[in-house]
Amino acid sequence: MSMMTVTAPRVEAATGTRLVEVVVPVHNEQRVLAESVRRLHSYLVRTFPYGFRITIADNASTDGTWGIAAGLERELPHVRAVRLDRKGRGRALRKVWSESDADVVSYMDVDLSTDLDAFFPLVAPLLSGHSDLAIGSRLSRGSNVVRGPKRELISRAYNLLLRSLMGARFSDAQCGFKAARTQVAQALLPVVEDQEWFFDTELLLLAESRGLRIHEIPVDWVDDPDSRVDIVRTAMDDLKGMWRVARTRWAR
């Protein structure tokens, strides 16, 4: 099936001369979408010193998500909605990031589990040119995390495997709070194969292998008890992705 995209005309930056694009990928999130986007928009209008654009990337929702996204585009300045006809968080990020004209591209989960006060520290080193990519980490010293023991165990085990088997130096591959200089992201995207949950990890591993600078900040994070993510299935898909990347490395 081909990928269809409905894209609004370019939304101008809110203030300032630099532009940061914040992608919110969603699939069947009608329950939280409107409240989260309004909260994010209000926060950025009040506190963010640069121009911003919020892009809701609806990947193949079958509920009322797309209608809500289109309504938010009409309601709020600096918000646009993009619709894809195939699922996959990586697919949604790839589409928006590859076409972005912003200085920095980023994304965050729709439930806004990460404290928004971490957003400026996330993107500031990218805007200054100090770093190439930036990630929020729930496993760094200084982070404050509230989540169940099952998610905590799976997350720590996965990231331990990345460090021990893949030599990764970043601490939290799975936190849904990341950013990159657009030029860097657009150079890496053609080489990243995954279209779903392993997309983040593969992008970071590729960046490290090329000597790019990854900035990491501790974040406060509160688990959404009604999250739609199947944590076990996601972990298994991530392990398969890790194995694929490892085989490619060993074959060289």
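Quantities reported herein were computed from a predicted structural model and do not represent experimental measurements.
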- Message: Between S131 (side chain only) and P125 (backbone N and O only), is there a donor and an acceptor less than 3.5 Å apart?
- Response: no

- Using the ring of each side chain (for Trp, its six-membered ring), is W97 parallel, tilted or perpendicular to Y107, with breaks at 30° and 60°? tilted

- Message: Can you confirm whether the side chains of S171 and S137 place a donor and an acceptor under 3.5 Å from each other?
- Response: yes

- Message: Could you go through V26 and V24, starting from their C-alpha distance and side-chain angles, then the distance that decides it, and tell me whether this counts as side-chain contact (heavy atoms from CB on, under 4.5 Å)?
- Response: CA-CA 6 Å; V26 291; V24 182; 4.1 Å; yes

- List the steps, then state whether side chain to side chain donor-acceptor pair (under 3.5 Å) holds for T201 with Y158. CA-CA 11 Å; T201 303; Y158 176 69; 3.0 Å; yes

- Query: Can D132 and I214 be said to form a side-chain contact (heavy atoms from CB on, under 4.5 Å), step by step?
  - Reply: CA-CA 6 Å; D132 299 303; I214 301 176; over 6 Å; no

- Task: Considering only NZ, NE, NH1 and NH2 on the basic side and carboxylate oxygens on the acidic side, decide whether R138 and D220 come within less than 4.0 Å.
- Result: no

- Message: Between F170 and V191, is there shared hydrophobic-cluster membership here, with clusters defined by ILVMFWY side-chain heavy atoms closer than 4.5 Å?
- Response: yes

- Task: Find out whether R89 and D200 are in side-chain contact, i.e. whether some heavy atom of one side chain is under 4.5 Å from a heavy atom of the other.
- Result: yes

- Look at the side chain of S42 and the backbone N and O of R38, then say whether any donor-acceptor pair between them is shorter than 3.5 Å. no

- Query: When you check the side-chain N and O atoms of D117 and Y43, is any donor under 3.5 Å from an acceptor?
  - Reply: yes

- Message: Is there a path of hydrophobic side-chain contacts, each under 4.5 Å between heavy atoms, that joins V192 and I135?
- Response: yes

- Answer yes or no: is there a side-chain heavy-atom contact under 4.5 Å between L162 and L205? yes

- Looking at E193 and R244, does any basic side-chain N land under 4.0 Å from a carboxylate oxygen? yes

- Determine, for R80 against E21, whether the closest basic-nitrogen to carboxylate-oxygen distance falls under 4.0 angstrom. yes

- Supply the atom-to-atom distance N28 CG to T62 OG1, rounded to the nearest 0.5 angstrom. 4.0 Å

- Salt bridge R39-E35, side-chain N to carboxylate O under 4.0 Å: no

- Item | Donor-acceptor contact present, side-chain N59 to main-chain A92, <3.5 Å | no

- Query: Just wondering, do D103 and V20 contact through their side chains at under 4.5 Å, heavy atoms?
  - Reply: no

- Query: Considering all heavy atoms of both residues, which atom of L133 and which atom of A207 are nearest to each other, and what is their separation?
  - Reply: CD1-CB, 3.6 Å

- Note on the structure: So CZ of R156 and CG of L161: to nearest 0.5 Å the spacing works out to 14.0 Å

- Note: A118 and V219 closest approach over all heavy atoms is CB-CG1, 3.9 Å

- Query: Which heavy atom of C175 sits nearest a heavy atom of G136, and at what distance?
  - Reply: CB-O, 3.2 Å

- Message: Count I, L, V, M, F, W, Y as connected when their side-chain heavy atoms are under 4.5 Å apart, and connections chain through other members. Are L122 and L139 then in the same cluster?
- Response: no

- Message: Main chain of S100, side chain of Q186: is a donor-acceptor contact present, judged purely on distance under 3.5 Å?
- Response: yes

- Item | I217 side chain reached by S140 side chain, heavy atoms, under 4.5 Å | no

- Query: So, K87 and E196, do they make that salt bridge, N to O below 4.0 Å?
  - Reply: no

- Search all heavy atoms of P218 against all heavy atoms of R141 and return the closest pair with its distance. CB-O, 3.7 Å

- Would you call V245 and M166 a side-chain contact if the rule is heavy atoms closer than 4.5 Å? yes

- Query: Backbone N or O of S61 within a donor-acceptor pair of the D58 side chain at under 3.5 Å?
  - Reply: yes

- Query: With distance as the sole test, does T65 use its side chain to make a donor-acceptor pair with the main-chain N or O of Q30 at under 3.5 Å?
  - Reply: yes

- Message: Taking the side chain as everything from C-beta on, heavy atoms only, tell me whether F119 gets closer than 4.5 Å to L40.
- Response: no

- Take F199 and L93 through the test side-chain contact (heavy atoms from CB on, under 4.5 Å) and record every step on the way to the result. CA-CA 9 Å; F199 174 90; L93 293 176; 3.9 Å; yes

- Mutual orientation of the aromatic rings belonging to H78 and H41 [parallel < 30°, tilted 30-60°, perpendicular > 60°]: parallel

- Check: R163 main-chain N/O paired with R169 side-chain donor or acceptor under 3.5 Å: no

- Message: Could you tell me if the side chain of L76 sits less than 4.5 Å from the side chain of V37, heavy atoms only?
- Response: yes

- Message: I need the R86 CZ to R91 CZ distance, nearest 0.5 Å.
- Response: 4.0 Å

- Message: Using 0.5 Å steps for rounding, measure from the CG atom of L188 to the CD atom of Q183.
- Response: 11.0 Å

- Can you tell which of L203, L204, D172 makes a side chain to side chain contact (heavy atoms under 4.5 Å, CB included) with K178? L204

- Message: Between M108 and V45, is there shared hydrophobic-cluster membership here, with clusters defined by ILVMFWY side-chain heavy atoms closer than 4.5 Å?
- Response: yes

- Query: Can you tell me how far CD of E99 sits from OG1 of T182, rounded to the nearest 0.5 angstrom?
  - Reply: 12.5 Å

- Task: Kindly check if the number of other-residue, nucleotide or ligand heavy atoms within 6.0 Å of CD (E75) is above 12?
- Result: yes

- Query: Does the side chain of V82 come within less than 4.5 Å of I56's, by heavy atoms?
  - Reply: no

- Message: Please give me the minimum heavy-atom distance between S106 and V22, naming the atom from each residue.
- Response: OG-CA, 3.4 Å

- Does V32 offer a backbone N or O that forms a donor-acceptor pair with the side chain of S36 under 3.5 Å? yes

- Message: For a side-chain contact (heavy atoms from CB on, under 4.5 Å) check, start with the C-alpha distance between V23 and V105, then their side-chain angles and the critical distance, and finish with the verdict.
- Response: CA-CA 8 Å; V23 184; V105 290; 5.8 Å; no

